[in-house]
There are 2 protein chains.
Amino acid sequence: MAIERRPLRDQIRDEVLARLRRGDFPAGQDVNEARLAADLGVSRTPLREALIALEIEGLIQSRPGKGFRFAPVSPKEYRELCPVVAALEALALESSDPEYLARTAPKLLTMATEFDVSVASQAEIEQRDDEWHDLLLGGCRNERLMDLLTTVKASLRRYVHVVIDDETEISRSAGEHKLIAERLISGDLAGAVEALKANWTSGTERVLEKLTRES
Amino acid sequence: MAIERRPLRDQIRDEVLARLRRGDFPAGQDVNEARLAADLGVSRTPLREALIALEIEGLIQSRPGKGFRFAPVSPKEYRELCPVVAALEALALESSDPEYLARTAPKLLTMATEFDVSVASQAEIEQRDDEWHDLLLGGCRNERLMDLLTTVKASLRRYVHVVIDDETEISRSAGEHKLIAERLISGDLAGAVEALKANWTSGTERVLEKLTRES
DNA sequence: GTTCAATATTTTGTATTCAGAATCCAAGCG
DNA sequence: CGCTTGGATTCTGAATACAAAATATTGAAC
């Protein structure tokens with residue numbers, strides 16, 4: 001058995017990320033270090049280390065003297081993040097192993113089609129979409145790029161609840177996924193990259209509209 | 001007088017970054033927390049916080065039980081970082097305020113020309129190149145994107161000493177800068193973006209050759 | 001002189017402590 | 001009734017303490 005030893009700060013970071021994804025921490029809420037540390041069963045030291053890591057990744061903010069808080073969401077941030085993710089995913093797709101893409105494209109098409117018909121819970125939809133993109137970019141060997149993508153997408157994820165449960169958005173997204181897969185199957189990498197960019201761009205404005213309407 | 005209060009961890013981070021840029025810490029070297037903390041006149045706690053921030057940014061690594069070390073350089077990392085910076089700078093340029101670009105392009109051209117003729121020290125060349133790119137992208141209002149660029153470029157900076165003091169590399173770079181500026185002056189944004197990407201791509205392989213030859 | 005084991009020293013990872021800043025609360029005053 | 005002010009309380013930011021792991025050192029056996 002391979003015994004793994006991970007620093008507490010890393011485990012705490014993962015746990016906070018998981019809770020964040022579950023929506024346990026409302027955006028903008030203050031972090032009470034003592035309480036959260038007690039809740040996690042650790043001392044404040046490794047918790048603060050984890051929070052600092054998350055701050056660099058953009059999920060948490062800190063103001064001098066006032067401690068940490070979960071980063072508030074804003075239309076501005078959403079508008080900034082989308083093109084970044086689009087550019088990074090486009091680059092990842094461009095630099096993917098062609099052989100991997102050829103092998104994987106049919107699967108991607110199948111998933112996109114299934115995605116279209118299945119009506120699922122919010123969490124499930126979110127997970128499906130993530131899986132699809134992960135599979136799409138699984139052939140990219142640029143580790144730094146993939147790490148960057150992971151962290152930037154973590155920031156974006158806080159906005160997806162707005163998109164989801166909108167019937168038309170979902171089927172639009174599924175259609176775009178199909179288009180990407182089809183172009184990959186036909187060997188049109190440049191076209192697939194364009195479609196992927198469009199996938200990230202197309203929803204942006206409509207989501208932004210919703211975001212501002214809600215607040 | 002506006003009194004500013006910054007957490008120690010931020011000040012420490014800046015200081016370590018500055019020393020890193022000065023080449024005080026050889027790549028791959030272990031960090032002795034106690035010694036460095038004493039050297040900086042702080043305790044280990046905020047130093048570790050700064051190191052963790054730098055770890056997330058990719059400049060420092062940590063292995064469980066063995067502490068931190070300054071990230072080693074590798075051809076692999078360089079090959080990974082270049083296209084990322086290229087894509088991000090391209091996006092930043094694309095999404096810049098057009099009016100800013102029109103206003104700034106002549107200055108960019110002047111700087112590129114001066115850059116060509118002036119023979120300067122390594123530090124000076126490095127600074128000039130940074131200033132040029134900063135000015136080029138000064139019209140981008142996407143804060144998240146610019147922050148990302150700053151951190152990714154910090155990782156890349158550890159490789160520039162390889163490029164520099166090569167006469168032909170410098171004049172090639174200056175020529176590319178001129179091309180970008182000229183296209184901006186003529187209003188050809190798409191062309192400028194292409195040239196900017198090329199600027200990041202063109203040197204990559206030659207630098208990599210040097211990198212591997214050196215080691 | 002090498003190799004190995006036993007022990008001493010250093011260093012890390014985490015917990016605890018502490019000073020000072022921020023927040024809260026209630027009494028006093030307009 | 002609202003506004004201010006003084007003090008109690010909570011919380012953050014940083015220093016210190018401590019246990020366990022890693023590393024260095026010694027010394028004995030071959």
Side-chain angles (χ1 to χ4, degrees), chain A residues 1-20 24-72 147, chain B residues 1-20 24-72 147:
Chain A
M1 172 185 75
I3 306 174
E4 78 161 327
R5 264 188 35 201
R6 288 179 73 212
L8 278 186
R9 63 168 179 275
D10 288 349
Q11 302 181 48
I12 294 170
R13 182 173 153 279
D14 287 354
E15 177 60 25
V16 173
L17 267 174
R19 294 192 183 189
L20 216 33
D24 286 5
F25 307 119
Q29 189 179 64
D30 290 11
V31 178
N32 184 320
E33 297 178 14
R35 195 155 42 226
L36 184 52
D39 189 21
L40 294 167
V42 296
S43 78
R44 282 177 55 216
T45 307
L47 170 61
R48 283 175 57 86
E49 293 181 344
L51 293 177
I52 286 163
L54 291 168
E55 182 188 4
I56 299 294
E57 300 183 39
L59 288 167
I60 281 184
Q61 297 180 345
S62 85
R63 280 130 355 126
K66 309 216 170 175
F68 298 93
R69 65 171 179 180
F70 297 98
D147 283 356
Chain B
M1 171 186 73
I3 306 174
E4 80 161 324
R5 265 184 36 199
R6 289 179 71 213
L8 277 187
R9 62 169 180 274
D10 289 348
Q11 302 181 48
I12 294 170
R13 182 173 153 278
D14 286 353
E15 176 61 25
V16 172
L17 266 174
R19 293 192 183 188
L20 215 35
D24 286 4
F25 307 119
Q29 190 179 63
D30 290 12
V31 178
N32 184 321
E33 296 177 14
R35 194 154 44 226
L36 183 52
D39 189 21
L40 294 167
V42 296
S43 77
R44 282 177 56 216
T45 307
L47 170 61
R48 283 175 57 86
E49 294 180 344
L51 294 177
I52 285 162
L54 291 168
E55 183 189 5
I56 299 294
E57 300 184 40
L59 288 166
I60 282 185
Q61 297 179 344
S62 84
R63 283 136 346 136
K66 309 216 169 177
F68 298 94
R69 65 170 179 182
F70 298 97
D147 283 355

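All chains are named by letter (A, B, ...) in the order of the sequence lines, taking the proteins before the strands, and each is independently numbered beginning at 1. From a predicted model like this one, the values you see are computed outputs, not experimental measurements.
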Spacing of [X] atom [atom1] relative to [N] atom [atom2], expressed in whole Å:
| X | N | atom1 | atom2 | result |
| --- | --- | --- | --- | --- |
| E33(A) | dG13(D) | CD | C1' | 8 Å |
| R69(A) | dA22(C) | CZ | P | 16 Å |
| F68(A) | dA22(C) | CZ | P | 16 Å |
| L8(A) | dA20(D) | CG | P | 14 Å |
| I12(A) | dT14(C) | CD1 | P | 8 Å |
| D30(B) | dT10(C) | CG | P | 17 Å |
| Q61(A) | dT12(D) | CD | P | 16 Å |
| E49(A) | dA14(D) | CD | C1' | 13 Å |

Practice item. Select base, sugar-phosphate, or nothing to describe what R63(B) touches, counting heavy atoms under 4.0 Å on all strands. Key: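 Sugar-phosphate contact only - R63(B) comes under 4.0 Å of backbone atoms but never of a base.
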Review point. Hey, which of these two, G65(A) or R48(B), hits DNA chain C nearer its 5' end, going by closest nucleotide?
Key: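 Nearest nucleotide further toward 5': that of R48(B).
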To the side chain of [X], which of [options] is closest?
| X | options | answer |
| --- | --- | --- |
| K66(A) | dT14(C), dG13(D), dT23(C) | dT23(C) |
| N32(A) | dA22(D), dT12(D), dA14(D) | dT12(D) |
| T45(A) | dT16(D), dT16(C), dT12(C) | dT16(C) |
| R44(B) | dG13(C), dA14(D), dA15(C) | dG13(C) |

Check your understanding: Does E33(B) use its side chain to pair, donor to acceptor, with the backbone of R48(B) at less than 3.5 Å?
Key ->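 Such a contact is absent between E33(B) side chain and R48(B) backbone.
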Check your understanding: CD1/I12(A) to OG1/T45(A) distance, rounded to the nearest 0.5 angstrom?
Key -> 9.5 Å
Check your understanding: Could you give the distance from CD1 (I56(A)) to CZ (R13(B)), rounded to the nearest 0.5 Å?
Key -> 5.5 Å
Check your understanding: Is the shortest heavy-atom distance from the side chain of F70(B) to the side chain of L59(B) under 4.5 Å?
Key ->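 Sidechains of L59(B) and F70(B): no contact.
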Check your understanding: So, do D39(A) and R19(A) sit near enough that their side-chain heavy atoms are less than 4.5 Å apart?
Key -> yes
**Study point:** Side-chain donor/acceptor of R5(B) to base of dG13(D), under 3.5 Å
**Key:** no
